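Below is one structure, written out as C-alpha cells; comments come after it.
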Amino acid sequence: MRILLINPPYRALTIHGMGPQVPLGMLSIGGPLIDAGHEVALLNAEQAMLSETEIVRRVHAFAPDVVMTGHSGSSPAHLTVLRMLSAIKKAAAHLVTVYGGVYPSFHARAILETAPQVDIIVRGEGEAVVVRLAEALAARQGLSEVAGISCRDEHGRIFETPSAPVIRDLDACRVA
C-alpha cells in the first residue's frame, strides 16, 4: 500500500519558542510500515506550516491509499487535524484516513460520532497496530480482528476492538 504520514500544521508554543519538533510519532510508525513492505512517505506540514490547499496538493501528488496522521496530545491540535482531514476527504473521498495519538486514543468514540472525515482511530501504541491495519486494508479484510482500533462498520455503527498489547521492546521497532 501507499501510505502518506502527515504531521499536521499545528502552531504551538513549542514551535514559536523552540522551532518545529521532530515528528517522532509519525517516524515511529513509519519504520514498521516500511519494514512490512509498504511505500511510505512523510509530509511534515508542521515544519513548513503548509496550508490545507498545499497539503491536499501534495496528497494528490503522492496518490496514497491511506493517509495517517496524529499529534503529540495537545487538545487544540485536534481541531487542526479535523480541518486538514476534512479538506483531504473533500478532494479525495476514497482515501482511508487514520488518526492516532494521545487525544484520539482517549476520545475515539466521540471523534467518530462527530467527525465523518476520520475513518479509523488507532488507540495506544501504533507501531504494530498500523502494520496489521495496513495488511487488513490491503487484503480488503474486515477490521474486527485488528486490535487497538476504533472505526465504523459497513452500517455506520462505531465499534472498538480490544486494546493491542503493549510493546515490550520498543527497540525492536525501527524509527524511519
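Please read these numbers as outputs of a predicted model, since none were measured by experiment.
- Under a 3.5 Å cut-off, the side chain of Ser86 and the backbone N or O of Gln117 do not form any donor-acceptor pair.
- At a threshold of 4.5 Å between non-hydrogen side-chain atoms, the residues His78 and His71 count as touching.
- When all heavy atoms of Pro8 and Glu46 are compared, the pair lying nearest together is O-CB, 3.2 Å.
- For the atom pair CE of Met68 and CD1 of Ile29, the computed distance is 5.5 Å after rounding to the nearest 0.5 Å.
- Counting all heavy atoms, side chain and backbone alike, Ala164 lies closest to Val129 at CB-CG2, 3.5 Å.
- A cation-pi arrangement is not found for Arg152 relative to Phe159, the charged atom failing to lie both closer than 6.0 Å to the ring centre and inside a 45° cone about the ring normal.
- Closest of all the heavy-atom pairs between Gly70 and Met26 is N-CE, 3.6 Å.
- The minimum heavy-atom distance between Glu127 and Val130, with the atom names listed, is O-CG2, 3.7 Å.
- Taking 4.5 Å as the limit, every side-chain heavy atom of Val122 sits out of range of all side-chain heavy atoms of Tyr99.
- Phe62 CZ: more than 12 foreign heavy atoms inside a 6.0 Å radius.
- Checked by atom type, the side-chain pair Glu160/Ser150 shows a donor-acceptor distance below 3.5 Å.
- The nearest pair of heavy atoms linking Pro64 to Leu95 is O-CD2, 2.7 Å.
- Nearest heavy atoms, Ala45 versus Ile6: CB-CG2, 4.4 Å.
- Side-chain contact between Asp119 and Val98 is absent, with no heavy atoms from C-beta onward closer than 4.5 Å.
- Looking at Arg83 and Thr80, their side chains come closer than 4.5 Å, going by heavy atoms from C-beta outward.
- With a 4.5 Å cut-off on side-chain heavy atoms, Leu50 and Leu43 count as touching.
- In terms of modelled atom types and a separation under 3.5 Å, the side chain of Arg2 and the main chain of Ala63 share a donor-acceptor contact.
- Judged by distance alone, with hydrogens and angles left aside, the side-chain atoms of Thr161 form a donor-acceptor pair with the main-chain N or O of Ile149 at under 3.5 Å.
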